[in-house]
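The structure appears right after this line, and notes come after that.
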Amino acid sequence: MDQRTGFLDQIIQGDCIQAMAELPEKSVDLIFADPPYNLQLHNTLWRPNLTRVDGVDDEWDQFASSEAYDAFTRQWLQACRRVLKDTGTIWVIGTYHNIHRVGSILQDLGYWILNEIIWIKANPMPNFRGVRFTNAHETLIWAQKIRGARYTFNHHAMKALNDDLQMRSDWLLPICSGTERLRLNGQKVHPTQKPEALLYRVILASTNRGDVVLDPFLGSGTTAVVAKRLGRHWIGIERDPHYIEAAQKRIAAVQPIPSTALEFSQPRKAPRIPFGALIENGVLQPGQTLYFGPKKGITATILANGHIRCGDLEGSIHQVARAILNAPCNGWMHWFYIDPESGHQQPLDMLRREFVSRLSRPI
């Protein structure tokens with residue numbers, strides 16, 4: 001029987017260090033931690049319209065000294081290290097008040113930093129005192145438990161999420177606001193509630209369906225909400241009963257994404273084949289004419305060695321196409337042949353794909 005069963009998809013009320021001591025060793029795939037930032041705000045901030053800025057002045061964010069904060073950070077990160085699988089990773093979010101201290105302690109404890117992500121806030125709170133730059137970002141550190149161990153990174157999912165462009169380490173996302181922001185009697189339920197879009201990206205990037213996500217500072221429940229929606233198990237730890245009550249209501253209302261919508265395969269690269277392979281296998285013939293698509297009237301002759309000749313130019317389909325365009329290009333996309341069945345021009349790339357498909361068919 002899995003020792004985690006009693007904890008899965010549950011909120012544990014209590015101190016995170018003590019609670020993690022009750023979890024089985026090496027039982028968690030991913031940890032997302034939004035710890036106290038140690039903001040220590042001493043001055044009341046006012047907007048130009050004389051309304052008070054709702055900063056973080058809660059007891060849970062107050063420490064006697066930086067040394068006390070460091071000791072607390074070391075303890076909870078050690079507890080995280082014990083429950084993380086050897087293939088597990090951890091995300092920690094913070095601001096300039098604490099993230100550099102956290103990063104140093106992470107490294108001291110043997111974690112290996114994979115990425116530093118900058119969450120650029122699309123709508124940050126202005127700096128009303130006008131004495132320094134507006135704080136418009138927060139920093140996330142993504143680290144693995146053991147340097148060099150296998151870990152989950154769904155690179156292709158992130159690329160697909162970003163219009164098929166490789167995702168960068170600067171993420172432009174809005175802050176939590178509007179109907180997503182939990183309020184009670186007009187007041188924020190939690191001062192540092194994170195947007196679901198941020199957790200969506202984190203969890204989709206670094207877990208798989210059925211994995212276990214732990215949040216040792218669950219707060220208003222964003223991590224659990226997104227984990228449930230994405231078909232992951234979750235464990236939340238929170239000591240404030242008011243936050244727990246709000247989080248439980250929020251989590252209960254979540255409808256998981258249908259499993260069929262969570263099933264996406266990693267794109268497979270088509271095997272690279274040389275142009276000459278089409279000639280060797282009789283798909284194209286030496287002496288056959290090719291037509292250059294972008295520039296009408298330009299033709300080339302296929303040579304027996306897999307090169308083509310176009311006037312005084314001779315070389316591969318890519319070299320000759322580059323010389324014609326005076327720009328980088330893919331010859332498979334620019335040269336056309338006459339399809340014997342239809343009599344129409346077709347791109348060489350279509351012929352290549354058909355040939356690759358034939359190679360991959362079972363005998």
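Note: hydrogens, waters and symmetry copies are ignored here, and every other heavy atom, side chains too, is used.
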Query raised in the report: CZ of Arg181: more than 12 outside heavy atoms within 6.0 angstrom?
Result: yes
Query raised in the report: Side-chain contact, heavy-atom cut-off 4.5 Å: Glu116 with Leu140?
Result: no
Report summary line: d(Asn208 CG, Asp29 CG) to nearest 0.5 Å is 8.5 Å
Query raised in the report: Under a single-linkage definition using a 4.5 Å side-chain heavy-atom cutoff for Ile, Leu, Val, Met, Phe, Trp and Tyr, are Ile302 and Met350 assigned to the same hydrophobic cluster?
Result: no
Query raised in the report: Is a side-chain N or O of Gln144 found less than 3.5 angstrom from the main chain of Ala149, in a donor-acceptor match?
Result: yes
Query raised in the report: In Å, rounded to the nearest 0.5 Å, how long is the span from CD of Gln10 to CH2 of Trp234?
Result: 6.0 Å
Query raised in the report: Just by distance, do the side chain of Asn115 and the backbone of Ile117 share a donor-acceptor pair under 3.5 Å?
Result: no
Query raised in the report: Can we say Glu245 and Arg250 salt-bridge, meaning some charged N sits less than 4.0 Å from an Asp/Glu carboxylate O?
Result: no
Report task. Looking only at non-hydrogen atoms, find the nearest pair between Ala321 and Phe292 and report the distance. Result -> CB-CE1, 3.7 Å
Query raised in the report: Hey, is CD on Glu263 packed in by over 12 heavy atoms from elsewhere, all under 6.0 Å?
Result: yes
**Report entry** Full working for side-chain contact (heavy atoms from CB on, under 4.5 Å) between Met20 and Arg82
**Finding:** CA-CA 9 Å; Met20 280 191 279; Arg82 189 188 74 82; 5.5 Å; no
Query raised in the report: Counting only heavy atoms not in Arg183, do more than 12 fall under 6.0 Å of its CZ?
Result: yes
Report task. Please answer whether the main-chain N or O of Thr207 pairs with a side-chain N or O of Arg232 as donor and acceptor at a distance below 3.5 Å. Result -> yes
Query raised in the report: Hey, are the side chains of Tyr69 and Asn98 touching, using non-hydrogen atoms and a 4.5 Å cut-off?
Result: yes
Query raised in the report: Looking only at side chains, do Ser342 and Asp339 share a donor and an acceptor under 3.5 Å apart?
Result: yes
Query raised in the report: Judged by atom type as modelled, is there a donor-acceptor pair below 3.5 Å linking the side chain of Ser206 to the main-chain atoms of Phe153?
Result: no
Query raised in the report: Between atom NZ of Lys26 and atom CG of Leu84, what is the distance when rounded to the nearest 0.5 Å?
Result: 11.0 Å
Requested in this report: Given side-chain contact (heavy atoms from CB on, under 4.5 Å), test Phe275 with Ile279 step by step and report yes or no.
Outcome: CA-CA 7 Å; Phe275 176 67; Ile279 300 167; 3.8 Å; yes
Query raised in the report: What do the steps show when you test Arg150 against Asp86 for salt bridge (Lys or Arg N to Asp or Glu O under 4.0 Å), and what is the final call?
Result: CA-CA 8 Å; Arg150 176 181 57 85; Asp86 289 345; over 6 Å; no
Requested in this report: Take Tyr337 and Leu348 through the side-chain contact (heavy atoms from CB on, under 4.5 Å) test and state the conclusion after the steps.
Outcome: CA-CA 6 Å; Tyr337 72 103; Leu348 275 183; 4.2 Å; yes
Query raised in the report: Taking atom OG1 of Thr95 and atom NE2 of His100, what is their separation to the nearest 0.5 Å?
Result: 8.5 Å
Report summary line: To the nearest 0.5 Å, atom CD1 of Ile237 lies from atom CD1 of Ile244 at 10.5 Å
Requested in this report: Tell me whether Leu199 is reachable from Leu218 by hopping between hydrophobic residues (I, L, V, M, F, W, Y) whose side-chain heavy atoms are closer than 4.5 Å.
Outcome: no
Query raised in the report: Do side-chain atoms of Ser27 reach the backbone of Pro24 as a donor and acceptor pair under 3.5 angstrom?
Result: yes
Query raised in the report: Which atom names give the shortest non-hydrogen contact between Phe72 and Pro36, and what distance separates them?
Result: CE2-CD, 4.0 Å
Query raised in the report: Closest heavy-atom contact between Trp335 and Ile317?
Result: NE1-O, 3.0 Å
Report task. Run the salt-bridge test on Asp349 and Arg353 with the 4.0 Å N-O cut-off and return the result as yes or no. Result -> yes
Requested in this report: Work out which heavy atom in Ile99 is nearest to a heavy atom in Gly94; give both atom names and the distance.
Outcome: CD1-N, 3.7 Å
Report task. Salt-bridge test for Asp9 and Lys228: reply yes if a basic N is under 4.0 Å from a carboxylate O, no otherwise. Result -> no
Query raised in the report: Any side-chain heavy-atom pair from Val213 and Trp91 closer than 4.5 angstrom?
Result: no
Requested in this report: Starting at OG1 of Thr223, measure out to CD of Glu196 and round the result to the nearest 0.5 Å.
Outcome: 10.0 Å
**Report entry** Hydrophobic cluster identity match, Trp332 and Val283, side-chain contacts under 4.5 Å
**Finding:** yes
Report task. Please work out whether the ring planes of Phe217 and Trp76 are parallel, tilted or perpendicular, with thresholds of 30° and 60°. Result -> perpendicular
**Report entry** Candidate list Thr89, Val92, Ile93, test side-chain contact (heavy atoms from CB on, under 4.5 Å), partner Phe32, passing option
**Finding:** Ile93
**Report entry** Side-chain ion pair, Arg101 and Asp70, N-O less than 4.0 Å
**Finding:** yes
Query - Leu313-Met333 co-clustered via ILVMFWY side chain contacts under 4.5 Å - result: no
Query raised in the report: Is it true that atom CG of Asp170 has more than 12 heavy atoms of other residues, nucleotides or ligands lying nearer than 6.0 Å?
Result: yes
Query - Main-chain N/O of Gly219 paired to Glu238 side chain as donor or acceptor, under 3.5 Å - result: yes
Report task. Would you check if His318 and Cys329 make a side-chain contact, meaning some heavy-atom pair closer than 4.5 Å? Result -> no
Query raised in the report: Do the non-hydrogen side-chain atoms of Leu278 and Ile273 ever get within less than 4.5 Å of each other?
Result: yes
Query raised in the report: Would a distance-only check, ignoring hydrogens and angles, find a side-chain to backbone donor-acceptor pair under 3.5 Å from Gln319 to Ser316?
Result: yes
**Report entry** Donor-acceptor contact below 3.5 Å, side chain Gln18 vs main chain Asp15
**Finding:** no
**Report entry** Heavy-atom check, side chain of His334 versus side chain of Arg322, under 4.5 Å
**Finding:** no
Query raised in the report: Can you check whether Ile235 reaches Val212 side chain to side chain, under 4.5 Å on heavy atoms?
Result: yes
**Report entry** Asp163 atom CG, neighbour heavy-atom count above 12 within 6.0 Å
**Finding:** no
Report task. Return yes if a side-chain donor-acceptor contact under 3.5 Å exists between Tyr243 and Gln193, otherwise no. Result -> no
Query raised in the report: For Ile31 and Cys80, which heavy atoms make the closest approach, and how far apart are they?
Result: CD1-CB, 3.5 Å
Query - Heavy-atom pair of closest approach, residues Ile298 and Cys310 - result: CG2-SG, 3.7 Å
Query raised in the report: Do other residues, nucleotides or ligands put more than 12 heavy atoms under 6.0 Å from the CZ atom of Arg209?
Result: yes
Query raised in the report: Does Ile141 share a hydrophobic cluster with Ile118, counting links as ILVMFWY side-chain heavy atoms below 4.5 Å and allowing steps through other members?
Result: no
Query raised in the report: Counting distance only, does the side-chain N/O of Asn154 pair as donor-acceptor with the main-chain N or O of Ala157 below 3.5 Å?
Result: no
Query raised in the report: Taking side chain as C-beta onward, heavy atoms only, is Lys145 less than 4.5 Å from Arg81?
Result: yes
Report task. Please say which of Tyr111, Tyr151, Trp112 ends up in a ring-ring contact (aromatic ring centres under 6.0 Å, His included) with Trp142. Result -> Tyr151
